[in-house]
Protein chains: 2
Amino acid sequence: MEFKEAKNKFVQTWGALGSQWGINKTMAQIHALLMVSNEAVSMEDIMEELQISRGNASMNLRALMDWGIVYKEYKAGERKEFFTAEKDLDELAVKISRERSKREIKPALKILKEVSTIEAKDSAEEKHFVDQTSKLYDFVLKADNMLDKMTEFNENWLGRLVMKIMK
Amino acid sequence: MEFKEAKNKFVQTWGALGSQWGINKTMAQIHALLMVSNEAVSMEDIMEELQISRGNASMNLRALMDWGIVYKEYKAGERKEFFTAEKDLDELAVKISRERSKREIKPALKILKEVSTIEAKDSAEEKHFVDQTSKLYDFVLKADNMLDKMTEFNENWLGRLVMKIMK
DNA sequence: AATAACTTTCAATTATTTTTGAAAGTTTAA
DNA sequence: TTAAACTTTCAAAAATAATTGAAAGTTATT
């Protein structure tokens with residue numbers, strides 16, 4: 001496989017993966033493209049490589065910057081803007097999980113707390129509801145914290161040890 | 001908040017969360033409904049509660065069974081089928097992550113391996129591509145394994161200890 | 001201050017995904 | 001074996017999400 005083909009395959013794959021995880025395809029593709037570029041890329045070049053419109057490029061670049069995983073860069077003497085992606089994967093993971101936690105998990109937790117604390121009458125149905133949603137609240141809270149600590153854990157020596165023990 | 005309202009709120013929230021994570025809304029809603037039901041529910045009742053068509057209910061129940069997180073049940077004397085959800089959350093998490101790993105991560109890893117092993121010419125561009133995709137391959141592989149081990153880890157005493165240390 | 005070089009915005013269009021509902025299929029009971 | 005009680009399938013319709021492109025906005029240069 002030659003370089004151009006490999007690059008294209010990577011961008012397509014990353015885009016597909018993104019859309020399966022609730023991130024729009026173009027956004028994931030732009031990110032993929034920037035990740036494997038060794039230097040900052042202009043909007044013009046992004047449009048060209050991905051065959052997308054100016055508006056599309058602009059909006060998705062904005063979204064990526066809001067997520068904190070793509071940065072703007074200015075080149076001396078050049079008028080236009082260039083973009084680079086966060087390339088440190090641990091950093092990337094932290095930012096993505098923080099952002100999704102903030103946008104999606106935290107609000108869901110709030111609702112879970114609300115619904116799990118209604119006063120259950122003595123019906124088995126209501127008791128089960130409260131029990132199950134409470135468990136879910138605890139579980140999601142724990143998973144959320146864990147994600148947040150994952151990288152930290154991953155780099156932690158004791159963590160590595162535990163990891164090894166668990167094969 | 002009264003029970004019915006709480007139940008509805010829960011189902012809606014879980015549905016919204018699902019669609020943000022690449023699972024269709026109805027599928028997540030059916031799952032939510034079954035999770036908080038203390039007894040098996042018929043297709044008729046699911047249709048009624050969620051206000052969805054028979055076809056929709058049928059297809060999404062099938063999908064949930066394919067994921068291994070919803071089961072069919074038969075009641076003595078009753079002709080129709082009833083459904084229940086996996087209610088053990090650790091089990092649920094394991095099944096979901098196994099399934100997503102199998103369907104999405106593993107195929108992506110295969111591509112990542114392919115593209116990261118092209119022969120890079122001496123251009124910095126190609127070198128960077130190979131370097132970055134290789135790192136990504138390792139990272140995704142590690143994260144995938146970690147997810148698989150998460151529950152196990154969560155229940156693990158040493159894990160709990162590490163968890164505490166990390167506050 | 002006018003113009004050129006660029007970026008952003010957003011209503012309209014297009015593409016994708018989900019949902020419907022009725023016909024076809026299946027199973028059980030009489 | 002027929003009919004009733006169900007479930008599944010899938011083409012068409014509806015709903016949702018992404019994309020376009022041109023006008024409006026911004027910033028730098030002369």
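Order of the sequence lines fixes the chain letters, A, B, ..., with proteins taken first and strands second; residue numbering starts at 1 for each chain.
Of the residues near DNA chain D, A:Ile52 and A:Gly77, the one whose nearest nucleotide (by heavy atom distance) lies more toward the 5' end is A:Ile52.
Evaluation of the side chain to side chain donor-acceptor pair (under 3.5 Å) rule for B:Arg79 yields no partner, not counting sequence neighbours. Residues meeting the salt bridge (charged side-chain N to carboxylate O under 4.0 Å, His left out) test with B:Glu114, sequence neighbours left out: A:Lys9, B:Lys110. B:Glu104 pairs by the side chain to side chain donor-acceptor pair (under 3.5 Å) definition with A:Trp21, B:Arg100, not counting sequence neighbours. Listed by chain and number, the residues in a ring pair (Phe, Tyr, Trp, His ring centres under 6.0 Å) with B:Phe83 amount to none (sequence neighbours excluded).
Atoms CG (A:Leu50) and C1' (D:dT19) sit 13 Å apart, rounded to a whole Å. The CD1-P distance, from B:Ile46 to C:dT20, rounds to 14 Å in whole Å. Atom OH of B:Tyr74 is separated from atom C1' of C:dT27 by 10 Å (rounded to the nearest Å). Distance, A:Asp45 CG to C:dC6 P: 12 Å, rounded to whole Å.
For DNA chain C, none of the residues of residues 17-33 of chain A falls under the heavy-atom distance limit of 4.0 Å.
In the displayed structure, B:Lys25 atom NZ is contacted under 6.0 Å by at most 12 heavy atoms of other residues, nucleotides or ligands.
Between A:Leu34 and A:Lys87, the closest side-chain pair of non-hydrogen atoms is not below 4.5 Å.
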Base-contact (B) and sugar-phosphate-only (S) positions in nucleotides 4-9 of chain D, heavy-atom cut-off under 4.0 Å, - elsewhere: BBSBBB
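In this structure, a donor-acceptor pair under 3.5 Å is present between the side chains of A:Asp144 and A:Ser101.
Minimum heavy-atom separation, A:Leu89 to A:Met35: CD2-SD, 4.4 Å.
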